[in-house]
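Report on the structure given below.
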Amino acid sequence: FFLGPPPRAAASPEELADVAEGTHTFMSLGEAFATSESHGLRAALAAKSRVFYAHFHRERLDELRMRLETEMWQPLPLETGWRLSSLRELGTAHTKPPLQCRAMF
């Protein structure tokens, strides 16, 4: 995963965290056994993690951009001193719990 080709598009941040945790455990065992540090493996892990998260972030931004560009936007008539709770068009949206980013992925 870390030493191979660029990350799969289907990999999730949770999968990367699982692999990183397993790799860290493996490195710790190896370092304890060999009494030396795994500088090369640590550097490869850090580099692959940066590449993965940059790729993941770019894909999410592209997806968001596509959704915003294809959304049918309608202007809302707003009076001076308006409040979110006064917008009829949103109905009861202001009573819903706040959106959690995790729910989007």
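Positions are given from 1, in the same order as the sequence printed here.
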### Message
Is the terminal nitrogen or CZ of R50 (NZ for Lys, CZ for Arg) located under 6.0 angstrom from the six-membered ring centre of F52 and within 45° of that ring's axis?
### Response
no
### Task
Kindly work out whether a path of hydrophobic side-chain contacts (I/L/V/M/F/W/Y, heavy atoms less than 4.5 Å apart) joins M72 to M66.
no
### Message
Quick check for you: to the nearest 0.5 Å, what is the distance between E59 atom CD and L64 atom CG?
### Response
13.5 Å
### Query
Is it true that atom CZ of F26 has more than 12 heavy atoms of other residues, nucleotides or ligands lying nearer than 6.0 Å?
no
### Task
Please list all pairs passing the salt bridge (Lys or Arg N to Asp or Glu O under 4.0 Å) test where one or both residues lie in residues 69-78, with sequence neighbours left out.
none
### Query
Is there side-chain contact between R42 and H24, with at least one heavy-atom pair below 4.5 Å?
yes
### Task
Applying salt bridge (Lys or Arg N to Asp or Glu O under 4.0 Å) between D62 and each of R60, R65, R58, report the one that passes.
R65
### Query
Does any N or O in the side chain of E31 come within less than 3.5 Å of the main-chain N or O of S38, such that one atom is a donor and the other an acceptor?
yes
